[in-house]
2 protein chains.
Amino acid sequence: MPADDPLALDRQVCFALAAASRTVIGLYRPVLEPLGLTHPQYLVMLALWERSPRTVRDLGETLSLEPATLSPLLKRLEIAGLLTRARRVDDERALDVELTPAGRELRSRALAVPGKIVARLGLEVSELERIRDSLTTLLAAASPPQ
Amino acid sequence: MPADDPLALDRQVCFALAAASRTVIGLYRPVLEPLGLTHPQYLVMLALWERSPRTVRDLGETLSLEPATLSPLLKRLEIAGLLTRARRVDDERALDVELTPAGRELRSRALAVPGKIVARLGLEVSELERIRDSLTTLLAAASPPQ
DNA sequence: CACTAATAATTAGTACCCTAACTAAAGGAA
DNA sequence: TTCCTTTAGTTAGGGTACTAATTATTAGTG
């Protein structure tokens, strides 16, 4: 195996990305479980805590997720009582995905989540911010032209 | 929404990670489809092109994937004729996952893959390497202690 | 040697993830 | 106004991804 192998696993950004993503997200599981959330659900709630109500399309664009992924996911959050989905009055193709009081109140418990993960990672916050900025660059480069 | 909101989406490394990972991996789909591979399968093949045969456990550790994920995935690659799975003689709990001649030959077509993705991303190779190194740091921090 | 504990891989179950197809509603053009 | 095109969200289907449970094999202990 030559030292300059173009297909070497440790040369592939996509592998580093996939493995890091899965592994980091895996750390959230025990932290989010007491809140009754999976990681993708947590991301949805983060978006709604920023702004609610929002449409499925808006959530999809914000989270880089397809409607087909969001649809059942939102359904499960609705069943859990954290949000409601109602047809918009001005455009009945669209849904207003809106936090319930329970969904809103969950935010205060979620405030402890990032700190727990940062502590588990044991990296400097400044380094995490640098990594995050790199990822934002990468996401922009990979995203479809607007 | 305060400017220093600890739960702001764009402050979460995990969100940047999830979105970037999904989006970048999504770019591979049309490139890998002519090779008959999904992205996770591509990663498995990369590992086997480095070294074959390998056990499921070895592949799992290398790729940060659970055996439960690998089991059906390898089965599909076996059905596709790219690899075989055989009980090891020295330890019948373990499998030897070994490339077939077809699996081995696929590598030459796969050599074009990274270049296509890099071109699509339009980022300098040096920047991609920097990002990859960051991710490797992150993966190490997130991984269970050895 | 007998028995217990640990290990490797598979299966079951749940929750994503995407593409493709579909239904219903809205927008736009003639 | 009518009709075609586009859009929003859902459903279907295939492929992951994980935890938990299971089966069979191996390792370790007395």
Side-chain angles (χ1 to χ4, degrees), chain A residues 14 17-33 36-44 53-61 63-80 83 85-97 142 144, chain B residues 14 17-33 36-44 53-61 63-80 84-97 142 144:
Chain A
C14 65
L17 204 44
S21 151
R22 282 190 258 107
T23 307
V24 168
I25 288 169
L27 298 183
Y28 280 77
R29 189 186 183 102
V31 177
L32 291 174
E33 200 230 351
L37 297 174
T38 63
H39 189 265
Q41 291 174 351
Y42 172 63
L43 295 180
V44 167
R54 301 177 80 146
T55 62
V56 177
R57 179 195 168 104
D58 181 12
L59 287 170
E61 285 173 353
L63 299 169
S64 300
L65 278 175
E66 295 295 321
T69 304
L70 279 167
S71 187
L73 190 157
L74 292 171
K75 188 172 185 177
R76 277 185 290 273
L77 285 174
E78 187 176 32
I79 287 168
L83 56 84
R85 295 182 298 169
R87 286 289 154 189
R88 287 182 57 160
V89 174
D90 58 324
D91 182 349
E92 290 194 22
R93 296 172 301 177
L95 291 176
D96 263 342
V97 180
Chain B
C14 65
L17 206 42
S21 151
R22 280 189 257 108
T23 306
V24 169
I25 288 170
L27 297 183
Y28 280 78
R29 192 185 181 102
V31 177
L32 291 173
E33 200 230 350
L37 298 173
T38 63
H39 189 265
Q41 291 173 354
Y42 171 65
L43 294 181
V44 168
R54 302 176 79 146
T55 62
V56 177
R57 177 195 169 103
D58 181 10
L59 287 171
E61 286 173 352
L63 299 169
S64 299
L65 278 175
E66 295 295 321
T69 304
L70 280 168
S71 187
L73 190 157
L74 292 172
K75 188 172 185 177
R76 277 188 287 277
L77 286 174
E78 186 177 31
I79 288 166
T84 56
R85 294 181 299 165
R87 285 291 153 190
R88 285 181 59 161
V89 174
D90 58 325
D91 182 350
E92 291 192 20
R93 294 172 302 180
L95 292 177
D96 264 342
V97 180

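Basis for what follows: all heavy atoms, side chains included, without hydrogens, waters or symmetry-related copies. As the structure is a prediction and not an experimental result, all values here were calculated from the model.
- The interatomic distance linking B:Leu43 (CG) with D:dG15 (P) rounds to 17 Å, in whole Å.
- When the P atom of D:dT19 is taken as reference, atom CG of B:Leu65 falls 12 Å away, rounded to whole Å.
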Summarise protein proximity over nucleotides 2-11 of chain D in one line of letters, 5' to 3': B for base, S for sugar-phosphate only, - for none, counting protein heavy atoms closer than 4.0 Å. ----BBSSBB
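- Nucleic acid contact class of A:Ser64 (heavy atoms, under 4.0 Å, all strands): sugar-phosphate only.
- Aromatic ring pairs are classed by plane angle as parallel below 30°, tilted from 30° to 60° and perpendicular above 60°; the pair B:Tyr42 and B:Tyr28 is tilted.
- Partners of B:Arg85 according to the side chain to side chain contact (heavy atoms under 4.5 Å, CB included) rule, which considers only residues two or more places apart in sequence or in another chain, are B:Ser71, B:Leu74, B:Lys75, B:Glu78, B:Leu83, B:Leu95, B:Val97.
- The interatomic distance linking A:Glu33 (CD) with C:dA15 (P) rounds to 12 Å, in whole Å.
- Along DNA chain C, the nucleotide nearest to A:Asp90 and the one nearest to A:Gln41 differ in position, and the one closer to the 5' end is contacted by A:Gln41.
- We find that OH of B:Tyr28 is positioned 18 Å from C1' of C:dC17, with the value rounded to whole Å.
- To the nearest angstrom, C1' of C:dA9 lies 17 Å from CZ of B:Arg54.
- Shown here are the side-chain hydrogen bond (donor to acceptor under 3.5 Å, both in side chains) partners of A:Arg93, two or more places apart in sequence or in another chain: A:Asp91.
- For A:Ala142, the side chain to side chain contact (heavy atoms under 4.5 Å, CB included) criterion is met by B:Thr23, B:Val24, B:Leu27, B:Leu121, not counting sequence neighbours.
- Between B:Leu73 atom CG and D:dG15 atom C1' the separation is 8 Å, expressed in whole Å.
- One finds no side-chain N or O of B:Thr38 lying less than 4.0 angstrom from the OP1 or OP2 phosphate oxygen of D:dG14.
- Taking side-chain N and O atoms only, B:Arg88 has no distance below 4.0 Å to OP1 or OP2 of C:dA9.
- With sequence neighbours excluded, the residues forming a side chain to side chain contact (heavy atoms under 4.5 Å, CB included) with B:Arg88 are B:Thr55, B:Asp90, B:Ala94, B:Asp96, listed by chain and number.
- Contacts of B:Ile25 with the nucleic acid, taken as non-hydrogen atoms under 4.0 Å apart, are absent.
- Partners of A:Arg54 according to the side-chain hydrogen bond (donor to acceptor under 3.5 Å, both in side chains) rule, which considers only residues two or more places apart in sequence or in another chain, are A:Asp58, A:Thr62.
- Here the straight-line distance linking atom CZ of A:Arg22 with atom CG of B:Leu17 works out to 11.0 Å at 0.5 Å rounding.
- If you measure from atom CZ of B:Arg76 to atom C1' of D:dG14, you get 8 Å, rounded to the nearest angstrom.
- Comparing D:dA17, D:dC18, C:dC18 against the side chain of B:Glu66 picks out D:dC18 as the nearest.
- Rounded to a whole Å, the CD atom of B:Glu92 is 9 Å from the C1' atom of D:dA24.
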